[in-house]
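Each ligand, and each atom within it, is numbered from 1 in the order the structure gives.
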Amino acid sequence: MSDIYFFRKNIIKRISFLVLKIFILSILLFILIRCSSNLKKSAPADGDEVSVQVNPAYFIKEGLVEPITKVDYKLSDGSTVACYKIVTKTTPTEHTMGPWCPTNISDGADKGGIWMESGKVYDVDGAFVKNLATFYKDAKWKMYRADGSIMVTNTKEACEAAARPNVDPAYQNFCVQCIPSYVSGLKQIFYIPVTPVVAPNQESNIDNLPPGPPQGAGNNRPVNGERRGPPQGGRGPQAGASTIGIAFNGVNFDPPAPTSDILKHYTLAPLDDNGGHINPHAGYHYHAATGKTKKIKQADGHAAMIGYAMDGYGMFELLDEAGKEPVDLDDLRGHYDAIRGYHYHVGPAGGNKFINGFRGKTGGFSASF
Ligand SMILES: [Zn+2]
Ligand SMILES: [Zn+2]
């Protein structure tokens, strides 16, 4: 009786041990499979020896509406990859915004922002405004009254009427500015590939940035903030790369400001000293990198990092710590090194252009209240 009892007990013990063994083995196998698929996922997708992933920790938390998450997202070519979803407040937290327009022709540079012309940056101070007819060799420029006060769009309605292609004639010869309170509550959503993926036919990537606005368009598309739809030419509606990239404060680096449209109507839409201004529909955004946003210093003296392009490649300042420009940039304004992988160097502040095109497939961007 007791023998049988012990025999049975032994069998049960052996079986439960076997079940436990199988259980542990399957868990190990599961983990192994997961790991290998993860490895596959995070392998460099751009074919470079060194491929650097987007680092969400670089972003300033105060600029985010919610923590950055990883989601599957359809890129510009329709392929789906892991992207960071970055929801931002379009409000810088490391610098103030403005001023943009001086109010009197006697105002100093501290009362106004900057303007870009022919690759150069000019202070928009009172003297600059007073001198516009000479500067642009056109006597129709006169943005100030007999008492020296400068015509500035001082209401949301004025900012909207002046910041569109068919500028309300009443706002010709106005300095156009929109202030932060007009766009409070606006948020932007960026989808940026975790690991950059090179787009095929790189030659055709040159100038594959979002197109500038059509000349003389008669819609209500804003001029000064210029938010546009996705680029033409076969890019899906999700492409939506109507922005170049994102600064670590969550503000977007935008395509060139349509300065010829702005000037055609005898208006100025100055940037502040940080290189940004406000559009009533899309909020604060940059057209120039003037060194005022958060930077990631590089240990080897290379130019500091200032953000990410919409294809996930890093965006760096133009000059390195010795004040030198890189000499081997490709047509897109990028190059490769073994520390940073492929990355871009933005154009000079007066150039009204951050980069010339995307090397990689781009994620998506939208702005809404
Ligand atoms: Zn703009
Ligand atoms: Zn570099």
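Note: Phe253 and Tyr286 have tilted aromatic rings, judged against thresholds of 30 and 60 degrees for the angle between ring planes.
No side-chain donor-acceptor contact under 3.5 Å links Thr267 to the backbone of Asn173. Between the side chain of Gln172 and the backbone N or O of Ala170, no donor-acceptor pair lies under 3.5 Å.
Nearest to the Zn ion (ligand 1), among the N, O or S atoms that His277 has, is NE2. The nearest N/O/S atom of His287 to the Zn ion (ligand 1) is NE2.
Tyr336 has its ring centre no less than 6.0 Å from the ring centre of Tyr342.
The angle His302:NE2 - the Zn ion (ligand 2) - His345:NE2 amounts to 100°, with values rounded to 10 degrees.
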